[in-house]
Amino acid sequence: MAKENIWKLYRAMGLQKMLSSDQINGPISKMQPSLFGLEKPMGHNLTDSYYISWLEEHPSALGCFHMMMSATNGKQIVLFLDYDGTLSPIVSDPNRAFMTDRMRSAVLEVARHFPTAIISGRSREKVYDFVKLDEVYYAGSHGMDIMGPLSTTNSYDGKYQINTLNERGNEFTIYQPAKEYLPSIKKMLKELKKRTCDVPGAFVEDNRFCVSVHYRHVLDEDYGMLEEIIHNVLSEYPCFHLTRGKKVLEIRPSIKWNKGDALVYLLDTLGFSDSTNVIPIYIGDDRTDEDAFKVLRSRKEGYPIVVSSVPRQTSASYSLCDPSEVLLFLICLARWAEAFPLS
Ligand SMILES: O=P(O)(O)OC[C@H]1O[C@H](O[C@H]2O[C@H](CO)[C@@H](O)[C@H](O)[C@H]2O)[C@H](O)[C@@H](O)[C@@H]1O
């Protein structure tokens with residue numbers, strides 16, 4: 001990208017006053033700390049050498065923004081976002097994981113330029129209640145409950161698919177590959193609530209096609225008892241299995257379907273099944289997001305971005321420190337789309 005284009009981008013982002021001519025002439029990576037008027041990238045612990053070497057392998061998507069966007073070469077960006085820990089910070093009460101209005105506006109802005117989907121472990125309805133945007137697609141229950149574009153492909157089993165209209169009269173396809181597990185999940189949910197009610201601090205969350213058992217407020221000495229209860233309940237439901245997230249045990253149907261499959265489904269229904277003309281960007285913080293990172297790695301396309309402020313094992317290629325950096329990345333993306341619209 002020519003230097004005048006960088007200026008154009010920065011002017012569009014309202015950032016030109018923050019940058020000296022030295023910074024503009026230097027490499028973009030050097031610009032990053034001051035790009036947003038900051039002394040150092042937010043939340044980064046740059047005194048930790050382990051973290052610094054991890055960052056070299058998973059560089060900041062903000063620092064690499066210019067390079068990433070230059071490489072899109074006019075291809076269609078499709079954006080995938082996780083919810084908890086990505087669009088909203090991790091908080092102690094799962095029912096109060098609200099996103100800020102600034103984050104909502106940023107998601108809306110990018111969604112006006114690029115197809116955008118939120119893929120969460122929560123129920124689809126719950127994520128919608130938090131996000132409240134009709135301009136994005138939603139996949140709840142770790143991708144097992146997708147409300148995506150009207151599907152014209154017959155690569156997916158029609159029995160899991162129904163077409164519907166939203167309140168604005170727009171057509172959507174709902175895809176629920178774990179549909180037949182619903183009666184067992186409801187039964188198991190009741191059972192889990194009943195058997196865990198004596199464990200102080202335990203909280204069972206109904207995520208429709210899966211169940212979360214939160215232990216953030218459970219005393220260390222009670223944790224073993226909670227795990228035992230869950231294993232006992234699970235032994236009565238052999239078609240389900242357990243995965244682990246941030247202070248949460250997640251129980252889900254044992255079908256071969258995860259956030260990565262939901263990403264592929266959404267790309268297919270958006271018309272990018274075999275396309276070399278698409279750049280999917282996936283941003284997420286949790287273990288379940290790794291399935292989507294792996295898909296992008298294996299397809300050798302797009303940008304998998306992990307949200308983490310500590311070094312960790314990941315299949316992502318880039319990183320963002322926390323939701324405040326996710327916000328900046330989304331703002332940059334929207335400004336970039338305004339400055340360089342696809343012809
Ligand atoms: O796929 P996600 O959108 O990231 O959902 C994963 C789980 O997120 C929520 O739990 C996590 O966030 C809570 C609020 O910040 C926090 O209190 C909890 O400790 C975290 O594990 C959600 O409540 C779970 O149901 C999701 O499975």
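All residue numbers in this chain count up from 1 along the given sequence. Order of listing sets the numbers, starting from 1, for every ligand and every atom in it.
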Is the shortest heavy-atom distance from the side chain of Trp257 to the side chain of Tyr175 under 4.5 Å? yes
Can you list the atoms of ligand 1 that are under 4.0 Å from a heavy atom of Glu205? 22 (C), 23 (O), 24 (C), 25 (O)
Is Glu125 paired with Arg208 through a side-chain N to carboxylate O contact shorter than 4.0 Å? yes
Is the shortest side-chain N to carboxylate O distance from Lys126 to Glu205 below 4.0 Å? yes
Quick test: of every protein heavy atom, which one is nearest to atom 8 (O) of ligand 1, and how far off is it to 0.1 Å? Asp84 OD2, 3.1 Å
Please determine whether side chain to side chain donor-acceptor pair (under 3.5 Å) holds for the pair Glu171 and Thr164, giving the CA-CA distance in whole Å, both sets of side-chain angles, and the decisive distance to 0.1 Å. CA-CA 6 Å; Glu171 282 191 296; Thr164 183; over 6 Å; no
Measure the shortest side-chain to side-chain distance between His113 and Trp336 over non-hydrogen atoms and say whether it is less than 4.5 angstrom. no
What residue and atom, counting heavy atoms only, is the protein's closest point to atom 6 (C) of ligand 1, and at what distance? Asp286 OD2, 3.8 Å
In the protein, what heavy atom is nearest to atom 10 (O) of ligand 1, and what distance, to one decimal place, separates them? His214 CE1, 3.5 Å
Contact between ligand 1 and Ser88 is defined here as a heavy atom of the residue under 4.0 Å from a ligand atom; is it met? no
Numbering the atoms of ligand 1 from 1, which are under 4.0 Å from a heavy atom of Pro94? 14 (C), 17 (O), 23 (O)
Does Gly245 reach ligand 1, in the sense of a heavy atom lying below 4.0 Å from it? no
Does the side chain of Tyr265 reach to within under 4.5 Å of the side chain of Ile146, using non-hydrogen atoms? yes
Under a 4.0 Å N-O cut-off, is there an ion pair linking Arg244 with Glu227? yes
Can Glu301 and Lys75 be counted as an ion pair, charged N to O under 4.0 angstrom? no
Does Arg335 come within less than 4.0 Å of Glu338, counting only side-chain N to carboxylate O? yes
Short N/O distance, under 3.5 Å, between Asp93 and ligand 1? no
Option set Val91, Val307, Thr288, Leu87, criterion heavy-atom distance to atom 14 (C) of ligand 1, minimum: Val91
Decide yes or no on salt bridge (charged side-chain N to carboxylate O under 4.0 Å, His left out) for Lys187 and Glu236, but give the supporting numbers first. CA-CA 11 Å; Lys187 232 173 109 207; Glu236 293 159 28; over 6 Å; no
Number the atoms of ligand 1 from 1 as they appear, then name those within less than 4.0 Å of a heavy atom of Tyr83, with their elements. 3 (O)
Dump the intermediate steps for salt bridge (charged side-chain N to carboxylate O under 4.0 Å, His left out) on Glu191 and Arg195, then the final yes or no. CA-CA 6 Å; Glu191 200 62 35; Arg195 295 208 215 167; 3.0 Å; yes
Within the 4.0 Å heavy-atom cut-off, what Thr86 brings close to ligand 1 is neither
Counting only heavy atoms closer than 4.0 Å, does ligand 1 sit against the backbone of Ser120, its side chain, both, or neither? both
Mode of Pro89 contact toward ligand 1 - side chain, backbone, both, neither (heavy atoms, under 4.0 Å): backbone
Proximity of Ile90 to ligand 1 by residue part, where a heavy atom lies under 4.0 Å: both
What atoms in ligand 1 come closer than 4.0 Å to a heavy atom of Asn207? 25 (O), 27 (O)
Heteroatom proximity flag, Ser212 to ligand 1, N/O under 3.5 Å: yes
Any ion pair linking Asp289 and Lys259 (charged N to carboxylate O, less than 4.0 Å)? yes
Closest approach of any protein heavy atom to atom 2 (P) of ligand 1, naming residue and atom: Asp82 OD1, 2.9 Å
Lys259 near ligand 1, heavy-atom distance under 4.0 Å? yes
In terms of residue, atom name and distance, what is the protein heavy atom nearest to atom 27 (O) of ligand 1? Glu250 OE2, 2.5 Å
Test your reading of the structure: does Gly121 have an N or O sitting under 3.5 Å from an N or O of ligand 1? yes
Quick one: pull up CD in Glu290 and CG in Asp285 and give me the separation to the nearest 0.5 Å. 10.0 Å
List ligand 1 atoms under 4.0 Å from Val248, heavy atoms only on the residue side. 21 (O)
For atom 20 (C) of ligand 1, what's the nearest protein heavy-atom neighbour? Residue, atom name and distance, please. Lys246 O, 3.3 Å
For Ser92, take its heavy atoms, then give the atoms of ligand 1 lying under 4.0 Å from any of them. 17 (O)
Please name the residue in the list Asp129, Asp84, Asp206, Asp145 that meets the side chain to side chain donor-acceptor pair (under 3.5 Å) test with Arg122. Asp84
